[in-house]
Structure formats: structure tokens, C-alpha cells
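I have placed the structure first, in the form of C-alpha cells, so that the comments after it can refer back to it.
Throughout, a chain's letter reflects where its sequence line sits, starting with A, and its residues are numbered from 1. Fair warning: this is a prediction, and the values are worked out from it, not measured in the lab.
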Number of protein chains: 2
Amino acid sequence: MARLVAERSDAIAPLAEVFREYGYEGASLALISKATGLGKGSLYHFFPNGKEEMVQAVLADIHQWFESSIYSPLRDGDDADEAINLMLDETLAYFKSGQRVCLVGSLAVGNTRDRFSKAIRGYFGNWIEALKAALIRQGRDPALAQSLSEDAVLSIQGAIVLSRAMDDPIRFQRAIDQLRSKLAA
Amino acid sequence: MARLVAERSDAIAPLAEVFREYGYEGASLALISKATGLGKGSLYHFFPNGKEEMVQAVLADIHQWFESSIYSPLRDGDDADEAINLMLDETLAYFKSGQRVCLVGSLAVGNTRDRFSKAIRGYFGNWIEALKAALIRQGRDPALAQSLSEDAVLSIQGAIVLSRAMDDPIRFQRAIDQLRSKLAA
DNA sequence: AGAGCATTGTACTGATTGGTACATATGATA
DNA sequence: TATCATATGTACCAATCAGTACAATGCTCT
């Protein structure tokens, strides 16, 4: 009856989309099964703890992506200004101009916050720290760098909410543009 | 068997809290029944269309509150600066320093967006328009007033997400303070 | 007091929920 | 080809889901 042998890692991307679109409660196993193409047997084989473990796996994957694509260049890139621009480019693409929800943000807003608090705090904390490092490398005052980077992460989250609410991708792009000039050396 | 005769309006406030805390999908009728103290009989008597109608009623109530407490003073108050400060005070209290989620924002982020799109767009659109009116009354350029008010509403939403994610009410208060100086005449 | 509408609790429905059990099938190794 | 861990589909479970039906009660007005 089994058709093809799948890998656990193949399930992560569709899982992320399902949780983004329907939220933790809204993503039923039926939806998850359809999105991943995996039956319950496979799903519970890969994720014995069910939905919670699936979300944790998705969060770990998200962390890895942000780490290599955004945090690492911000922290260690030789050109701080270039790393910041890269971050904004990647952010624009990643959230599809605000049409794609931030899973971590939506988990933080829901009653799922406590269950995934560690990953949620890590996500935002790492982003702020990494951006702060780049801003300091630009030669900025550490206190200013801190408040600027908090403000940037806050604006990105706000822009996702607002541009989705108004169904207007331009609003997200404008927010990114404003950050570009505000964070330029 | 019926104990006390309730009014539909008494149910709105607890309904709002339940939807805020558990989201649209997560708020089951069992939870709703417990939170409101109303059995299914009463709930479907007051809201024949079920959860959707409950949310619409809550959104209408929210609109009314914002209209009289925030939008109206911003649009028509004699002192624009005072109205803006009042808005920030009320916002701080309403969202309990970011510990209380914005229901409209969370609906906008979830897959419920399309179902309630009209109320969602109205909420943010009205807020931006009203704040813009006050900023223009301060003597500001209309284009600047527009971008400032969009930015303010965006920052409030972002601050809710971030301060909840980090479990840190101070972050929300700081965001409000920054808006206070940015929006001062 | 009595009529009539508003409100309420309970019992019920059929569908769906997350999760388990297990027999079967696959693919690599030997 | 025989072995064996890894996948997989299906049937099943108790619990819960949203929603309906309805008889019994409360309240108001006369």
C-alpha cells in the first residue's frame, strides 16, 4: 500500500505553510495530511508527539534559515551596511510583501505563546541582537543600536499585520523602504 | 430551569475576551458557554448564526468603543494634541501594556481575514484617518500626516506582537512613549 | 391572574477531532 | 534471496465539535 518512501524533512515546508495559513488550532490532522501528502501513519511515525512536535520542527527549520540567511551575515559579514540591505531584501521576499504571515508572530499572539515561548523569544531576541551587532559595526552608539534594532523588528511585525489587514502589499514594501533609509549608515 | 434572564449585550465583553485568548478556531462553544455563563440555548438564541455572528457582534462593539473613545476626539476634539495624548493613554490601557491582544489584528493574521475583511479594514482605516485628521489640525502637511498616522497604527500592532512575544510590558509602554514624542505638535 | 413572548437547560444529532494499533509494504543490506 | 528496520494505509477509538429541537421556565404587560 505504501507508495513512496518519504523523508521527514520533506514534510517541514508544507507543514509550515499549513500552520501559517490556519494557525495551530485550525490546522487539523486532515489538513496537515492533505498538505504534506502523508497519512496519519507516516505523520505519527515522523512526529510521535503530534502537532506540537510538528510545530517545533517547523520552528527549528525557521531558526536555521534565519540563522544562515539573516542573523549570520548581520553578525559576521564584513560589510554591515550590505548585510542590513540583504536582511531587508530577504525579509521582503520571505514574507511575500506581507501577504505571508509570520508564523512566530502568530504563535506569539495566540494562546500557543506559552507552549512555544522559548522558540518565540529566541526568534525575536536573535533578530534584534544580530541587527544590533551590525548597527554597532556601522559605528553607532550601542544604546541607539539597541533601540533601532528593536524598532525595526517591531515595524516588520506591524507591517505584516497592517498590510494583510488592508490587503495591500505596497504598505509592506513601503515599511521596508523606510527601514532601509533609517538603518543606512 | 432557567435561572436569570440575561441580555445579549452582557455576553459581548466575555465573548471578546474568549476570542482574544483562544482565537476564532480555538474558541469552542464549550469555552464560550463557560466564559459567558450562557448555555447553548441562550447562545444560539442571541446569535442564531453561531460563532461568526458572535465575532461580528464583538467587532461592532469594538468599533463603537473606538469611535467614541478614540476616533471621535481625534477627528473633532478642539485640542488636537490633547486628543492624540488621550489616544495613546487609552491605547495603553486598552491593550493592557501589550499583554492583551488586539482581536482585529489577530483576525487579520489568521485565515479568518476574508470572512471579516470589511470590519478589519474599517478598524485600521478609521484609526489611520482619524489620527491623520488630528495631525493635520496640528498644522502638518497632509502627506506627512498620512504617513505618520499609518506608521503609528503599524507600530502599535508591532508592539503588541513583540511585547507579547518577549512577555515584556515595558516594550509596549516604550513604544507608546516614542509615539508620544513623534506625534507631539 | 393569565396571555404571550423571551430566555434557558437538556438531550440529541452527525461530523470531525487528535491519537493508537497493527498488519502490510518498501528499500537497503547482506 | 532472506532479513530487518523504516514507512505507510486503514480501521478504529473516545472525546469533542457546531448546531438543532423542544419543552419548561422567566418576565412583562394587561
Test of understanding: with side chain to side chain contact (heavy atoms under 4.5 Å, CB included), list the residues that count as partners of [X], not counting sequence neighbours.
{"X": "B:Ser28", "result": "B:Ala30, B:Leu31"}
{"X": "A:Glu17", "result": "A:Arg20, A:Arg100"}
{"X": "B:Gln173", "result": "B:Leu92, B:Ser97, B:Pro169, B:Ile170"}
{"X": "A:Ala27", "result": "A:Val18, A:Phe19, A:Tyr22, A:Ile32"}

Check your understanding: Which comes earlier along DNA chain C counting from the 5' end, the contact point of A:Gly41 or that of A:Tyr24, where each point is its nearest nucleotide?
Key ->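 Nearest-nucleotide comparison on DNA chain C picks A:Tyr24.
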
Whole-Å distance separating the [atom1] atom of [X] from the [atom2] atom of [N]:
{"X": "B:Tyr44", "N": "C:dT10", "atom1": "OH", "atom2": "P", "result": "18 Å"}
{"X": "B:Lys34", "N": "D:dC17", "atom1": "NZ", "atom2": "P", "result": "10 Å"}
{"X": "B:Arg8", "N": "C:dA6", "atom1": "CZ", "atom2": "C1'", "result": "14 Å"}

Check your understanding: What residues form a salt bridge (Lys or Arg N to Asp or Glu O under 4.0 Å) with B:Asp167, not counting sequence neighbours?
Key ->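 Per chain and number, B:Asp167 pairs via salt bridge (Lys or Arg N to Asp or Glu O under 4.0 Å) with A:Arg113.
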
Review point. Of the residues in residues 14-22 of chain B, which ones touch DNA chain D at a heavy-atom distance under 4.0 Å?
Key: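 Going residue by residue through residues 14-22 of chain B, none turns out to have a heavy atom under 4.0 Å of DNA chain D.
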
Exercise for review: Indicate whether OP1 or OP2 belonging to C:dT8 is found under 4.0 Å from a side-chain N or O atom of B:His45.
Suggested key: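 For C:dT8, neither OP1 nor OP2 has a side-chain N or O of B:His45 closer than 4.0 Å.
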
Can you run down the side-chain hydrogen bond (donor to acceptor under 3.5 Å, both in side chains) pairs that involve [range], sequence neighbours left out, and say none if there aren't any?
{"range": "residues 42-54 of chain A", "result": "A:Glu52-A:Arg115"}
{"range": "residues 82-93 of chain B", "result": "B:Asn85-B:Arg180, B:Asp89-B:Arg180"}
{"range": "residues 128-145 of chain B", "result": "B:Asp81-B:Gln138, B:Lys132-B:Gln146, B:Gln138-B:Arg140"}

Check your understanding: Which nucleotide in the set C:dT8, D:dT8, C:dT20 lies at the smallest distance from any side-chain heavy atom of B:Phe46?
Key ->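 Comparing C:dT8, D:dT8, C:dT20 against the side chain of B:Phe46, the answer is C:dT8.
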
Point to revise | Residue-level proximity of residues 53-62 of chain B to DNA chain C when a heavy atom falls under 4.0 Å | key: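 Within this stretch, nothing sits under 4.0 Å of the strand.
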
Review point. Does B:Asp168 come within less than 4.0 Å of B:Arg171, counting only side-chain N to carboxylate O?
Key: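 Here B:Asp168 pairs with B:Arg171 in a salt bridge, since their nearest N and O are under 4.0 Å apart.
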
Practice item. Can you tell me which residue pairs pass the ring pair (Phe, Tyr, Trp, His ring centres under 6.0 Å) test with a partner in residues 95-124 of chain B, sequence neighbours excluded? Key: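 Qualifying pairs: B:Tyr24-B:Phe116, B:Phe66-B:Tyr123, B:Tyr123-B:Trp127.
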
Check your understanding: Does any non-hydrogen side-chain atom of B:Val109 lie less than 4.5 Å from one of B:Ser106?
Key ->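 No; the side chains remain at least 4.5 Å from each other.
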
Practice item. For each nucleotide in nucleotides 12-17 of chain C, reading 5' to 3', give B when a protein heavy atom comes within less than 4.0 Å of its base, S when such contact involves only the sugar-phosphate, and - otherwise. Key: -----S

